[in-house]
Structures are given as structure tokens and as C-alpha cells.
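Presented below is the structure to which this report refers.
Just so you know, ligand 1 is whichever comes first in the structure, and atom 1 is the first atom listed for that ligand. Source: prediction; values computed, not measured.
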Amino acid sequence: MSPRKIIIDTDPGQDDAVAILLALASPKEIDVLGITCVAGNVPLALTSKNALMICELAGHTDVPVFAGCDRPLGRELVTAEHVHGETGLNGPTLPDPYMQLQDQHAVDFIIETLRAAAPKSITLCPLGPLTNIATALQRAPEIAEAVDEIVLMGGAYFEVGNITPTAEFNIYVDPQAADIVFKSGISIVVMSLDVTHKALVTPPRNEAFRALGTPVGKAVSEMTDFFERFDKEKYGSEGAPLHDPCVTAYLVDPTLFKGRHINVEIETQSELTMGMTVADWWGVTDRPANALFIKDIDADGFFTLLTERLSRL
Ligand code: BDR
Ligand code: CA
């Protein structure tokens, strides 16, 4: 089978970085057409710079990287330096990038690529707020036809929220954008906090990254070490959740994950519950299913896959 053609839409972020590295290490399964950056964990100038640094770390300087929207559709930008550090990629010391961003805006790249593509031939992989994707869908609704699937990290049902008591960060930052995406009619796979909070970098898993003895292995272990401090303190967990790599791991081996086809709607009105993913897990409404909502993961299988793939870079 030929590799799935994907666009990674991202706000790196240490976990975004690992997701990108996993994709770039898996050319038999994944063909990365481009990386589009959005404001999220840190402002756009930093997420774009971080994406370039990650491509260089991976040795994939041929991947085009685009800067996109610098703020959500209708709200002030909320960032997460308290989790990811001032640069968004605190932990390892990586050199400033020599790669350049493409001149084209990320949204124009998404529209142009999808307009030129066959029906259902491209997978979109959003790892941050959905601003770029929603803007592209608003400006050129016909591009939806070219999308095979959107596999995204965002939302929660059982875990409820991480940035507010009821909302997950990516959805909370741009709820209007999320609403547009979830109403788009495109097939959606949701890597919710319910699954990503089971993908924990325990000390032995972190040690396995370091033991690769490569610049990538060292950088990943330092990134997850940094990220870990916050989550360990907050949740008392054994390690940091690798949220975004669940998206790219799903593309390589979907059998690692389990979920249900359900209806998911986004709260866009109430300040109290803004950005909540109202997920009908128990099927108590007759609202039609619009997403495969992932809740469970074979965590050992996931870390075995991830470590083996990182060893290839
Ligand atoms: C999501 O928010 C960001 O902080 C992470 O990169 C991930 O995409 C988790 O809620
Ligand atoms: Ca992210």
C-alpha cells in the first residue's frame, strides 16, 4: 500500500515534536506533504521556528513548513508556557534553524494542496487549535471532498478538561474553529485526553529514548523530562502524557487504539464551559455520529513502536 499523504497542522510543543518525528520516521506508512503551524502552546513565531528545528533534528530538511494563523477566529489567544516552557520546546538545547519558512501562508497551502488532490486522498492531522483548518474550510468549502480523514488531538469526555475544568487545551483555544471542523461532515478521529492520559512516559520509557544514544533519542528524552514536571505535579502521574504522538501512531498502526463512533459537539457559548467537547459516549441522544472518539490504547505497544521508529532517525 502506498503511504498516506498527510498535512500536519501543529503548535510545537514537545509532544507535537515527538508526533512529527514519528511521522518523519515512518515513510512507508506516512508521506508528510507539509507542516502548517498555528498559534497555540506558544505564539506563532515560536511554533513555526520550533517546527523548523524539529525537521532539522530529524534530518528532513526537505519538508516544507508554513506559518499560519496567529490568533483564534474570535477570541484572544491563550498559550501554555506553564506546561511547555517559554520557547514551547524547553528541555533540550537545539540549534537555531537554518531552514526557512515557506513564503506561502499555511491556509493557502492547505487550500491549494486539497484543490489539486483527488477525492479522499489527503489526511489532515491537527495537533493544536483548529484555526488553520477551519479557516481553510470556511474560505474554500469544496476542499472537504479531498480529505480522507481528519485525525486530531483534542477534547475529552471522561477526563473532562486540562486547561479549564471542562475543556481540553486545543479545543478551548479556538472553540469556533473546532465547531466548524466537527460540523464539516468530514470523517474525524479524535485522540481525546481519555486516551492520551494513558500514553504516559514512565521513567523506563524515558530511559529507552535516552538509550537510543542518538541526538533524536537524547532530545526526546529531554523534552519529555521537561514536560513531565508539570504533569507529575498536577496529576501525580508516573510521567508526561504524549498527547499528539497518538495521532501519528494511529496512522502507522490503528490497531493500538479503541474507541466508539459517536456524536461530538463543541460548546461555543457558555464562558463557564467554553470549548467543552460534548461527547455522546453513551448514545443518549439521537444526534448522528460525526467522530470516532478514541478512549483506549495499548500503551506498551505504542511506546515500543515509537522507540523503534525514533531509532531510525
Ligand atoms: C494538547 O495541548 C497542548 O498543550 C499539547 O501539545 C496537546 O496538543 C493537550 O491538551
Ligand atoms: Ca499540540
Side-chain angles (χ1 to χ4, degrees), residues 7-23 35-44 46-51 53-54 65 68-69 72 77-91 106 124-133 150-175 177-178 181 189-201 220 223-224 226-231 234-235 237 239-250 266 274-277 279 293-294 297:
I7 295 174
I8 300 180
D9 190 70
T10 180
D11 63 338
Q14 294 90 347
D15 62 322
D16 302 71
V18 180
I20 293 168
L21 292 170
L22 172 56
I35 296 178
T36 54
C37 302
V38 68
N41 286 322
V42 284
L44 181 68
L46 285 170
T47 61
S48 311
K49 178 182 174 192
N50 292 343
M53 285 158 66
I54 297 154
V65 180
C69 299
L77 176 65
V78 175
T79 54
E81 286 86 356
H82 60 294
V83 181
H84 299 273
E86 284 308 308
T87 71
L89 215 51
N90 284 42
L124 301 179
C125 299
L127 310 177
L130 289 155
T131 321
N132 285 341
I133 307 294
I150 296 178
V151 184
L152 65 87
M153 192 281 137
Y157 178 64
F158 295 93
E159 293 286 298
V160 199
N162 59 357
I163 185 76
T164 75
T166 57
E168 181 281 327
F169 179 79
N170 290 340
I171 307 294
Y172 177 75
V173 173
D174 200 341
V181 169
V189 180
V190 180
M191 291 293 162
S192 68
L193 293 181
D194 303 324
V195 64
T196 67
H197 280 176
K198 294 170 185 156
L200 298 176
V201 188
V220 168
M223 283 187 225
T224 51
F226 181 90
F227 191 40
E228 202 157 272
R229 291 178 207 162
F230 175 80
D231 280 276
K234 180 174 171 193
Y235 294 109
S237 57
L242 273 188
H243 305 285
D244 295 339
C246 290
V247 168
T248 43
Y250 179 84
I266 311 296
M274 184 63 74
M276 184 174 193
T277 42
F293 194 87
I294 304 292
I297 183 173

Enumerate donor-acceptor pairs with a distance under 3.5 Å from any side-chain N or O in residues 155-163 to protein atoms, sequence neighbours excluded.
unit_1 : atom_1 : unit_2 : atom_2 : d
Glu159 : OE1    : His197 : ND1    : 2.6
Asn162 : OD1    : Phe169 : N      : 2.9

Query raised in the report: What protein heavy atom is closest to atom 8 (O) of ligand 1, reported as residue, atom name and distance in Å?
Result: Asp244 OD1, 2.7 Å
Requested in this report: Run the numbers for me: atoms of ligand 1, each under 4.0 Å from some heavy atom of Asp15, listed by number.
Outcome: 5 (C), 6 (O), 7 (C), 8 (O)
Query raised in the report: Can you name the residues that form a side chain to side chain donor-acceptor pair (under 3.5 Å) with Asp9, not counting sequence neighbours?
Result: Thr36, Asn132
Query raised in the report: Are Val189 and Ile294 side-chain neighbours, meaning at least one heavy-atom pair lies under 4.5 Å?
Result: yes
Query raised in the report: Should Ile54 and Lys49 be marked as a side-chain contact (heavy atoms from CB on, under 4.5 Å) after you check the CA-CA gap, both sets of side-chain angles, and the distance that decides it?
Result: CA-CA 9 Å; Ile54 297 154; Lys49 178 182 174 192; over 6 Å; no
Query raised in the report: Mind checking whether His243 has an N or O less than 3.5 Å away from an N or O of ligand 1?
Result: no
Query raised in the report: Relative to the heavy atoms of Glu168, which atoms of ligand 1 are at a distance of less than 4.0 Å?
Result: 1 (C), 2 (O), 9 (C), 10 (O)
Report task. Tell me which part of Asn162 gets within contact of ligand 1: side chain, backbone, both or neither, using heavy atoms under 4.0 Å. Result -> side chain
Query raised in the report: Which atoms of ligand 1 are found less than 4.0 Å from any heavy atom of Leu127?
Result: 8 (O)
Query raised in the report: So, do Thr10 and Asp244 sit near enough that their side-chain heavy atoms are less than 4.5 Å apart?
Result: no
**Report entry** Which N, O or S atom of Asp11 lies nearest to the Ca ion (ligand 2), by name
**Finding:** OD1
Query raised in the report: Do any heavy atoms of Gln14 fall under 4.0 Å from ligand 1?
Result: no
Query raised in the report: Between Asn41 and ligand 1, does any nitrogen or oxygen pair lie at a separation below 3.5 Å?
Result: yes
Query raised in the report: Yes or no on side-chain contact (heavy atoms from CB on, under 4.5 Å) for Gln14 and Asn90, after CA distance, side-chain angles and deciding distance?
Result: CA-CA 8 Å; Gln14 294 90 347; Asn90 284 42; 4.2 Å; yes
Query - Nearest-0.5 Å distance that lies between atom OG1 in Thr277 and atom CD1 in Ile171 - result: 6.5 Å
Report summary line: OD2 (Asp244) to the Ca ion (ligand 2) to O (Leu127), nearest 10°, is 90°
